[in-house]
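Here's the structure, in structure tokens; my notes come after.
A note on names: the letters A, B, ... follow the listed sequences, proteins ahead of strands, and every chain is numbered from 1.
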Amino acid sequence: MDKIINTADNYVNEMLDGLLAWDKRLARDDRAVFLRRSSRPNKVGIVSGGGSGHFPLFVGYTAPGLIDACAVGDVFAGPSVDSCMRAIKSADQGQGILLLYGNYGGDKMNFDLASEMLEMDGIRCKTLLGTDDIASAGPQEADKRRGVAGLVLLYKIAGALADEGADLDHVHAVTAAAADHCRTIGVALSSCTLPGRDAPSFDLAAGEIEMGMGIHGEPGIWRDKLKSADALADEMVDRLLADPVAQPTNRVALMLNTLGATPVEELLIMYRRISVLLEQRGITIAVPMIGPFTSSMDMGGVSLTLMYLDDAREAALRAPSDCRYWNLGS
Amino acid sequence: MDKIINTADNYVNEMLDGLLAWDKRLARDDRAVFLRRSSRPNKVGIVSGGGSGHFPLFVGYTAPGLIDACAVGDVFAGPSVDSCMRAIKSADQGQGILLLYGNYGGDKMNFDLASEMLEMDGIRCKTLLGTDDIASAGPQEADKRRGVAGLVLLYKIAGALADEGADLDHVHAVTAAAADHCRTIGVALSSCTLPGRDAPSFDLAAGEIEMGMGIHGEPGIWRDKLKSADALADEMVDRLLADPVAQPTNRVALMLNTLGATPVEELLIMYRRISVLLEQRGITIAVPMIGPFTSSMDMGGVSLTLMYLDDAREAALRAPSDCRYWNLGS
Amino acid sequence: MSIDTQILRVALRRAALATRLAEDQLNKADARLGDGDTGETMRRLFGALNNEMPEYSDDIGGFFAELAKICARSTGSSLGTLVTVSMMVMAKQTKGQTVIEWTDLSPLLLLVRDQMMARGKANLGDKTVIDMLDGVATALVNCDNAADAAARSRQACTTTLDLFRDRENRIGRARMFAKKTIGQDDPGMLALSCLIDALSGDTNIQASSHA
Amino acid sequence: MSIDTQILRVALRRAALATRLAEDQLNKADARLGDGDTGETMRRLFGALNNEMPEYSDDIGGFFAELAKICARSTGSSLGTLVTVSMMVMAKQTKGQTVIEWTDLSPLLLLVRDQMMARGKANLGDKTVIDMLDGVATALVNCDNAADAAARSRQACTTTLDLFRDRENRIGRARMFAKKTIGQDDPGMLALSCLIDALSGDTNIQASSHA
Ligand SMILES: Nc1ncnc2c1ncn2[C@@H]1O[C@H](COP(=O)(O)OP(=O)(O)O)[C@@H](O)[C@H]1O
Ligand SMILES: Nc1ncnc2c1ncn2[C@@H]1O[C@H](COP(=O)(O)OP(=O)(O)O)[C@@H](O)[C@H]1O
Ligand SMILES: [Mg+2]
Ligand SMILES: [Mg+2]
Ligand SMILES: [Mg+2]
Ligand SMILES: [Mg+2]
């Protein structure tokens with residue numbers, strides 16, 4: 001699809017300029033975006049980062065109660081080592097930094113390099129990787145799974161704990177437990193197009209969908225004819241619930257996310273079914289979130305995220321925050 | 001693009017089922033959706049309605065501080081007379097009803113019929129039509145203009161006044177003045193596809209855009225090659241500012257809206273330019289809103305809305321409310 | 001023989017079938033000028049009328065009143081609402097009657113036409129369904145039997161379509177395409193013509209369209 | 001003659017030109033297995049290195065340190081970061097030097113290779129840029145002049161591409177396509193081969209690629 005841009009090479013920088021013109025709470029150090037004022041003094045910093053093209057992930061969650069700083073990469077590319085360093089520095093208040101981002105090779109290389117270099121300056125970083133995409137590897141290789149929309153829930157949990165004054169180890173531990181209880185599966189209906197390219201990133205014929213495809217078009221589980229909303233909901237819920245977690249509970253946070261071109265109305269049609277399916281299994285959707293949380297530009301499709309809740313996680317998800325893209329509504 | 005639906009005929013009803021499963025504040029009387037609890041007793045009711053396919057417009061704004069009830073039509077079709085009547089009845093607290101919807105022939109016929117029938121039951125309705133789309137008719141025929149995204153700002157203003165206890169005439173007068181000072185222009189990059197159809201609603205070749213196209217694909221001002229983000233921003237701002245209003249001010253509310261498939265990142269690229277252009281003209285963007293507020297399903301494109309503010313309008317826009325899709329952020 | 005609810009019930013079944021068969025053609029006609037949904041609109045509306053057909057009673061006014069309610073619930077499109085209006089007018093005008101004489105049909109339809117004009121803010125000559133209704137109603141003046149009514153109204157459809165084809169639409173979405181509408185039949189006029197074709201068929205053949 | 005910053009500056013200009021010319025080819029190679037951006041990544045990165053070329057100085061270590069900073073700022077892709085790593089290693093290893101002897105090139109590149117493996121968590125044989133670097137570094141063992149280095153490294157490129165073409169990728173995005181990668185050149189290997197082609201050209205011709 002056509003794009004409203006000036007040049008592909010300026011896509012990210014101009015996007016950030018616009019974001020900062022809009023949200024006066026944010027400041028920018030090259031490709032690192034951070035909150036001008038911390039939500040509290042002496043807190044653990046929460047830093048994320050990743051490629052552009054997934055707005056509001058990652059940078060849109062730089063907001064009081066979520067992440068403090070974000071390293072912003074080119075479209076679908078990792079953030080540079082330099083921007084990782086700048087993001088970490090800008091969030092540092094001497095209490096250490098939780099690096100919270102998706103499990104992608106390049107991103108990991110860059111954050112690792114950056115944090116090692118900053119360790120020499122005495123900044124202590126702990127890393128937690130989002131690995132919620134169950135389609136990207138089996139349960140035995142759960143550490144190879146990519147991070148997708150579930151990261152947003154982790155932001156909120158880590159941010160809430162840091163705002164309460166928890167130390168780095170505690171923030172890390174609670175968020176890591178949350179990550180262990182968070183699962184996502186996506187389905188793609190059509191490809192996105194990268195800025196400056198004239199062809200879509202991948203081929204997906206009309207009437208054809210791919211279950212489990214990643215947010216950059218990584219291959220999924222199966223590719224076949226489009227199914228009904230109910231059939232998709234059934235399969236996605238089944239796959240999520242079948243994936244083992246250490247301590248399943250009967251209260252969940254649910255995030256039903258559009259990848260871009262799929263309208264929210266279609267999410268609502270799916271939610272109608274999903275809410276019934278979970279009820280039938282005795283699971284309460286304590287925190288239902290429906291909308292655009294993690295995109296792939298104009299890709300068509302949706303992702304469904306479940307996080308099993310305990311009291312700590314639920315409280316953290318409900319803690320105050322001030323982010324346009326985090327809105328529990330009622 | 002492919003759609004996640006069960007059947008086209010069930011699209012709207014299932015979407016509403018999902019919405020109500022999600023948002024427990026809402027109740028439904030067939031195709032009328034309304035707030036279970038009014039935000040205050042004895043208030044003027046604010047009722048809207050229109051075709052589906054524009055979520056969150058119209059029904060998504062049924063929320064405390066905005067509209068009390070919404071009549072929901074089929075995709076891109078007006079709400080039925082019956083649903084208009086049900087919506088009006090559900091919002092009636094004896095203080096009269098402001099009917100606030102877009103200026104479309106069918107919608108007007110239906111709301112008129114409905115309100116005439118209910119007048120016999122003693123429900124007093126006043127109508128205010130959204131007519132913000134400057135591409136749909138010239139300034140001399142401003143009453144023929146269609147209503148688009150600007151309606152959202154009117155919801156907020158009418159809702160805030162009603163919540164303060166203003167009477168119907170006052171709510172109507174202030175909101176009407178706001179409507180007189182509200183202007184929108186859109187640009188389409190690609191067509192949407194209606195549920196159940198296999199072809200897009202209209203043809204718009206790759207690399208071709210249509211300035212001024214309506215949210216159902218109504219013809220616009222020109223159709224030509226895609227331009228740069230800055231060039232589009234320049235033209236849209238120029239057109240909006242050139243359109244005469246009774247009392248222009250140097251403070252505006254600005255809503256930069258994606259029609260669907262266009263990612264928010266591209267809105268930010270445009271906003272970078274727009275914010276500079278307005279500053280150059282000595283205009284302050286007091287209320288900046290960027291995101292998905294009024295869609296056309298998977299249509300690609302954006303709309304830009306300006307409302308000149310006076311104190312009453314600005315206060316109303318900032319008044320408390322509780323709607324996921326109304327979020328001023330900071 | 002005059003018109004009673006029995007005939008009207010058969011007519012509705014035929015209309016439901018006819019609009020189902022004509023859906024694609026009408027959508028296509030609307031796609032050229034409007035939003036491409038006239039066929040869907042009509043198929044859904046007459047489908048609803050057929051599916052929710054009121055219990056049998058010989059009260060014509062009551063029958064139309066019930067139909068008006070179904071319409072009011074089932075459609076929100078411009079054309080659909082004009083059908084709603086027509087049902088309301090018929091309900092009011094035939095209140096208390098068990099039959100409509102064929103000779104009363106023309107004046108009744110002219111009344112419907114006027115109410116539609118008031119509601120739709122349309123004038124004769126705007127190239128809408130109302131012009132078609134006007135053509136048919138006028139052709140039926142003094143007509144006193146079913147066979148004649150069938151022949152005259154079918155003839156009126158052809159004549160009216162021919163008469164308006166090369167004019168510009170001046171109302172609804174099509175108005176914005178003005179020039180492009182020249183040479184195209186108005187979808188609302190076409191829809192009414194399809195209905196009349198179906199209704200004016202051999203009335204002995206019971207349309208089996210309930211499926 | 002040994003390698004000094006003057007030669008390295010010319011090499012960078014050539015690399016910028018070469019990656020610009022190879023952009024499409026590399027993108028296409030990556031599109032078959034990965035996300036189709038290897039060419040763009042390389043063009044941007046070497047474009048930045050060329051545009052922001054440090055002021056002249058004969059300090060090789062300092063030169064690489066500056067390049068490492070530019071890389072760290074300019075790229076976030078996997079391959080780009082491996083280039084960053086290589087610059088960092090070179091900076092550390094050549095600290096205080098004004099020349100690199102040709103005979104030192106091979107051990108230097110082997111060190112780079114090892115650091116890349118550590119960072120990328122990749123092994124030899126995974127069919128990545130690292131295998132190509134390994135091939136080249138190995139071919140350069142005991143090489144003591146520019147012309148020989150050029151010939152050997154070009155030969156190594158061809159051999160290595162041939163050797164790996166029919167194997168499976170075991171790292172990065174391509175890993176997920178496993179079987180599909182058989183018969184395809186790895187984009188990172190191709191990118192390094194393009195660079196070497198450019199660098200090993202006639203060193204008298206000053207590439208005029210600053211535009
Ligand atoms: N205001 C109006 N007055 C009279 N007829 C109208 C009016 N608006 C629409 N129509 C008729 O309805 C037809 C379009 O019907 P339909 O496609 O179902 O409605 P919509 O325009 O709501 O999609 C037009 O061809 C025209 O004959
Ligand atoms: N972890 C890794 N270790 C070694 N080489 C890698 C690794 N990841 C990627 N590569 C190399 O980088 C190439 C892809 O580069 P590029 O397309 O620029 O990166 P990205 O995968 O981030 O889009 C691969 O073909 C491979 O040679
Ligand atoms: Mg990449
Ligand atoms: Mg319509
Ligand atoms: Mg239509
Ligand atoms: Mg790549």
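The minimum heavy-atom distance between A/I269 and B/E14, with the atom names listed, is CG2-OE1, 3.6 Å. Heavy atoms only, all atoms of each residue included: A/L189 and B/D2 are closest at CD2-O, 3.4 Å.
Proximity to chain B is limited to the side chain of A/P292, based on heavy atoms less than 4.5 angstrom apart. For B/C323, the part lying near chain A is the backbone, with the side chain staying farther off; criterion is any non-hydrogen pair under 4.5 Å. Looking at A/A188, there are no atoms closer than 4.5 Å to chain B (heavy atoms on both sides), in backbone or side chain. For chain B, the nearby parts of A/M297 are the backbone and the side chain; heavy atoms of each come within less than 4.5 Å. Heavy-atom distances place the side chain of B/S190, and not its backbone, under 4.5 Å from chain A. Using a 4.5 Å cut-off between heavy atoms, B/S52 touches chain A through backbone and side chain atoms alike. When heavy atoms are compared at a cutoff of 4.5 Å, A/I5 approaches chain B by way of both its backbone and its side chain. Of the atoms belonging to B/I290, heavy atoms from both backbone and side chain fall under 4.5 Å from chain A. With a 4.5 angstrom heavy-atom cutoff, B/M1 touches chain A only via side-chain atoms.
Counting heavy-atom pairs closer than 4.5 Å to chain A, the top residue among B/D17, B/L254, B/L268, B/D198 is B/L268. Contacts with chain A were tallied for B/G300, B/S275, B/G260, B/G207; B/G207 has the most, counting heavy-atom pairs under 4.5 Å. When A/P56, A/G291, A/S295, A/G53 are compared by the number of non-hydrogen pairs under 4.5 Å with chain B, A/G53 comes out ahead. Heavy-atom pairs under 4.5 Å with chain B peak, among A/V12, A/D230, A/L19, at A/D230.
Shown here is B/R36, whose CZ atom has more than 12 heavy atoms of other residues, nucleotides or ligands within 6.0 Å.
B/N6 pairs with exactly one of A/K227, A/R272, A/R273 by the side-chain contact (heavy atoms from CB on, under 4.5 Å) rule, that one being A/R272.
Atom CD1 of B/I4 and atom OG1 of A/T262 lie 5.0 Å apart (nearest 0.5 Å). Atom-to-atom distance recorded for B/L16:CG and A/E265:CD is 9.0 Å, nearest 0.5 angstrom.
Judged by distance alone, with hydrogens and angles left aside, the side-chain atoms of B/W22 form no donor-acceptor pair with the main-chain N or O of A/Y271 at under 3.5 Å. Of the possible donor and acceptor atoms, none in the side chain of B/D298 sits under 3.5 Å from a partner among the backbone N and O of A/A261.
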